[in-house]
Asks: 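What follows is a single structure, and I will ask about it in a moment.
Computation of the quantities below employed the complete heavy-atom set of this structure, encompassing side-chain atoms and omitting hydrogens, waters and symmetry-equivalent molecules. Proteins get letters first, then strands, A, B, ... in listed order; numbering begins at 1 in each.
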Amino acid sequence: MAQGIAPLAPGLTSFLKSLKTTPADPSVEHLISLLKRRQIRNSRPCAIATTALMLRVVGEFKGRDAAKLVERIRQVGRRLTAAQPREVVVGNIVRRVLGLVREVLDDNTGGDSHAGSDAGHHSPAQHDSMTRPTLSSSISTFSPLRHAAAEPMDASMTSDMSDSSEMSRRPPLLTSHTSYAPTSAAPLVNSLFGLFSQPEDSNASTPTGATSPDGKTANSLNLERLADLSRSTNIDLKSEVMDGIRELQDELEQSDEQIAGVALEHIHSNEIILTHTASTTVQKFLLSAAKKRKFTVVHAETYPHDNTATHGILLTGRKRETRLDEDEDPWKPLTATGIPVYVIPDSHVFAIMSRVNKVILATHTVLANGGLVAAAGAHMIAKAAKEHQTPVVVLSGVYKLSPVYPFDIDELIEYGDAGRVVPYEDGEFVDKVDVEHPLYDYVPADLVNLYITNLGGHAPSYLYRIVADHYRTEDITL
Amino acid sequence: MPPKGKKGQSADKARPGEEEREDPLQAVILADPFETRFSPFTLERPRCLLPLANTPLIEYTFEFLANAGVEEVFVYCGAHRDLVEDYVKKSKWSSRSSPFSKLELIQSSSHSIGDAMRDLDTRGLLVGDFLMVYGDVVSNLPLETALAAHRARRAKDKNAIMTMVLREAGTIHRTKAQGTSPVFVLDPTNDRCLHFEQMPNKDQTHFLSIDPELLSDHQEIDIRQDLIDCGIDICTPDVLALWSDNFDFQAPRKGFLHSVLKDYELNGKTFHTHIVSDHYAARVRNLHAYDSVSRDIVSRWAYPLCPDSNLVQGQSYRLQKGNIYKEEGVILARDCVILPKTVIGRGTSIGDGSVIKNSIIGRHCIIGKGVNVDGAYLWDYASIGDGSTIKKCIIADEASIGRRCTIDSGALISYGVTIGEGTTIRGEHRITKASRRRDLDEPTFDKSTDATIVGAGGVGFEFQDSDEEDEDEIVDGLIAANSMYNLANLSLESISTLNSESEDDVDFEIRHDRSAASSFRSVGSQDSQHAANFDHDASASIYDSLEQGHESANIQLELTALRMSTNASDHQVRRAVVVAFVKHITSLVKSGTSIREAVAQVFSQHKDLVDRSIFDKASSSKVDQVDFMLLLQTDLAHRDNGDAILLSAATKLIELDSIEDDGVLQWWGDAKSVETEELKKVKAKTQQLIDYLNQSSEEESDEDDEDEDEDDEDSE
């Protein structure tokens, strides 16, 4: 669009830049206005912006009172989510930061019991679920599905999730457990995810995804151990939380690579894959598979709201619309790796579905019940796939996984610019016809066969468990 | 690279694209467009603070500028500066998190956009390229491309001084300017604007006259009439200089753009356009546009500028199916019905059995039981009594409508007005509580309630159009061809539209049949563009003076000065005098003076004015007198009691000897005086006078008169 010159309009890049110099409060306002103005939109930019802001907020927090810090984060979080309730990711990140704070607290108050295990799934006494520590830890020693086995769904929501940030770090834990051998929990964690993520470890084709988190998390874990050492005397709440937030940032950065790491497990030679909308996660996933295998991609263009970005991502490897990718390296488009890509209008999805072997969907938000909110058209694709018994795989970073239950689906769906559907020039039409242009679709859980997150693959019915691992009950309502 | 110091000072703000920019991008918001198209609401509040979909207009403008990455904003205020200042101070735009590094209010005493621009030039605030927008722009356009194109052009050619951002729209579009339409002649190869004219042009024709050279100089030419001109201009400081050089420019398009393009040979400046075919851009330039932009916003054409974006702090709108937006804390009775395309603000309560449809309802409104609201705009704290029917109208803050009232489409009910029980307000009414005292823009509350309009127990009276002008040339009158806001009667009543529409109706006829007979109308039509302003300025100033009871010598002086400066024809002077007199007389009559007294008062007091515009007493054919009478007749044709006033006026004029007997008789015999039914009707009463004159003056032939009589009888 703007040739040669740097983008002028504010967006994620300008926000991150200004964040370096601006104090927290104006930055919060700034982000709120950007969110309202939709200058930062879609899950990843929102997540990046929120994490960066949280780092700033925590960094500027004065004092050592943890309760006050929690209150401060909640207050910021409430304002951010109120500004744009449909960007659920913002709330997710805030909840995870809150979880971090609580975890640091728990680690310190329950310090002695902590020493042995780093998985941290024993809960400190001050939590509401007083009865459960023994239960969960006892199960955890022999069952990989310890939590799932231990609790019915509701209980899981109220269960203490003292280990939330540990959980978020689980993939690193997996890959780094060798360096972290002394922990008794390591084999356990390994077995927990052996089901899905074992291949990831053994897979030689994804060296980048596996190694880079490795180093970083190992480092941060070391830091944490250092903190552990000093904990008994003097806790540095702030720096620990900030470390946690940085890990969260790493997670955001790496989730695409980690998801791409398992691509070969899911995409086989000569398959026909159907996908839609412009998603970096999906593109990286397919690209990673394309290194080894030949397959065919059918791409629904998601007209009208996302077609320019879709075309852009297919032709040049970057979304033309989004402004953030100036600092992101553009990658080669799929076609450059020799994969044939067919772009079809959404209306042809059903017709072509009989020949498709697998549907891969990108997502905007994944909800705790296993349903997802994705770019409009996803529901239709999933329905058509169901009709043809084609497996539907959803790719999503864990950060998109939300503890929100979709009681009111309409609330989650954003309606966009009607002008994309009908040209505004058509005066008579504009005057007489109401045009609705939903940007997102809600896809119910029963239409999805598998979720692939940066933790591995999960059945939709298992998602609540991951939610329980990542978010604390007391934070679910901000 | 920007200088270091500058970067440091604004680095903490949103500062996108800093490597590229030499100067911070500046913008001027013309918060007061010097018009009265939103009367009577603008009497008490500045236009830019009127709520559009429950958000003040200026918020949309700020959003637009923030979206475009503007850093320094100057808000140019006219009337109600204090209110604008209060608002801006409290808003998020002047807080620390504001995307603007500078937000300044400029107060001015300007009376037109031209004055404002010249004032800006002298202030020297604007250093580099800047955006000029009105305080009523609603747009989600990203300006990057337009700005980049502008800069690229500018780098190549210093004379490319302005880029206008225009939105494509079809031939018929609700958001386009109604009534008048701007025509752009463009060279599509380099987006240059070659010629601009607004239809109907100042000759009141719909013909576009293009310099033949344009055709020979350019390979391709587009003549476009399908563009929404939303007044977004990217200007260089040269534009201001140009305004200053031409101190008689008043309007940015009709005046400035048109003339500068015409004088391309002289000044060598070029204007460019940036035409966009997606995104939303519109100006809320009149009530019709208010209606259509509101509907666009509710139907999400302007996304993300929708109610549920909650642009203003404290808003909490949520979208429900069918474009229903409700804020938190709305109280709905169990069986009230909210139909699609409705916005309801916080604290509003809606009673049992009420039906709300296509409406925008502000905060804390109270709507009773069984009320039917369709297409209405209710501002904050309005209340509607049980069983009322509200159609497409605007009900301003704190206005209250009694029970079982009917408000018809097009009615405007201003702040704090109370409508008594069981009253029906017809569509053409504009009811207010505040009357403007001339020259002080202070609303005063001294006028009495007009119970015939607002009903028993009501408070308020019919708004009298003050004679301010639509300086802006994108004027479409208040009347849209098929608009609900059909305020035809009002605009005929008002001088302010003299330049635009009523002139079309009135003068067209006159000139049409006159072209053969006499030459002075064609003189008028060849008047320079300044003369076009004369009509309005002169009549406005005379009317002002009459209202304030100035001496006629002073009025005469002012009028002469105006006539000289704009090179107006005698005909125009007469017309101005007639229009102002008639307006003053009708307002006197309305305030209770009898017709005879009013006429006597005005004409005897200001006899000089009439005399000084008539120069043919010596000659036998009384062309000027006939013209004067014709103008009087035409003007009165549209007024209440026009016939009675005409009779008294004619009698009085003869009595004062301003018009001679011959003059009146010649007028009576003139073919143009019996042109239309209306004209015949209005002169019917004057028959008695003519009869009397004929008796007294023997030399006049009886036959003519009888013919005339027969004609009259035939027609009636």
Asks: If you take all heavy atoms of A:Ala418 and B:Ser299, which pair is closest and at what distance?
Replies: CB-O, 3.8 Å
Asks: Tell me, side chain or backbone of A:Val435 under 4.5 Å from chain B's heavy atoms, or both, or neither?
Replies: both
Asks: Going by side-chain hydrogen bond (donor to acceptor under 3.5 Å, both in side chains), name the residues that satisfy it together with A:Arg74, two or more places apart in sequence or in a different chain.
Replies: none
Asks: What pair of heavy atoms forms the shortest contact from A:Arg86 to B:Leu319, and how long is it?
Replies: NH2-CB, 3.8 Å
Asks: Do you know which of A:Gln84, A:His437, A:Lys36 has the most heavy-atom pairs under 4.5 Å to chain B?
Replies: A:Lys36
Asks: More than 12 foreign heavy atoms under 6.0 Å from CD of A:Glu71: is that the case here?
Replies: yes
Asks: Among A:Arg37, A:Lys20, A:Glu29, which has the most heavy-atom pairs under 4.5 Å with chain B?
Replies: A:Arg37
Asks: Taking side chain as everything from C-beta outward and backbone as N, CA, C, O, which of these in A:Val422 sits under 4.5 Å from a heavy atom of chain B? Side chain, backbone, both or neither.
Replies: both
Asks: Which pair of non-hydrogen atoms, one from B:Ile228 and one from A:Tyr424, has the smallest distance, and what is that distance?
Replies: CD1-CE2, 4.1 Å
Asks: Between B:Asn310 and chain A, with a heavy-atom cut-off of 4.5 Å, which part of the residue counts as in contact: side chain, backbone, both or neither?
Replies: both
Asks: For B:Pro304 versus A:Arg38, what's the shortest heavy-atom pair and its separation?
Replies: CB-CG, 3.3 Å
Asks: Can you tell which part of B:Arg318 gets under 4.5 Å to a heavy atom of chain A, answering side chain, backbone, both or neither?
Replies: side chain
Asks: Which distance, rounded to the nearest 0.5 Å, do you find between the NE2 of B:His279 and the CG of A:Asp417?
Replies: 8.0 Å
Asks: Work out which heavy atom in B:Lys341 is nearest to a heavy atom in A:Asp434; give both atom names and the distance.
Replies: NZ-OD1, 2.9 Å
Asks: So which part of B:Ser316 gets closer than 4.5 Å to some heavy atom of chain A, the side chain, the backbone, both or neither?
Replies: neither
Asks: Nearest 0.5 angstrom please: B:Arg300 CZ to A:Arg420 CZ, how far?
Replies: 13.5 Å
Asks: Using non-hydrogen atoms and a 4.5 Å limit, figure out which bit of A:Glu414 sits close to chain B: side chain, backbone, both or neither.
Replies: side chain
Asks: Heavy-atom distances under 4.5 Å only: say whether B:Asp308 touches chain A with side chain, backbone, both or neither.
Replies: side chain
Asks: Just by distance, no angles: are the side chains of B:Asn67 and A:Gln39 close enough, under 3.5 Å, to form a donor-acceptor pair?
Replies: yes
Asks: Counting neighbours of CD on A:Glu60 that are heavy atoms of other residues, nucleotides or ligands and sit closer than 6.0 Å, is the number greater than 12?
Replies: yes
Asks: Do you know the tightest heavy-atom contact between A:Glu436 and B:Asn323?
Replies: OE2-N, 4.2 Å
Asks: Tell me, out of B:Gln315, B:Arg167, B:Lys92, B:Lys321, who's got the most heavy-atom pairs with chain A below 4.5 Å.
Replies: B:Arg167
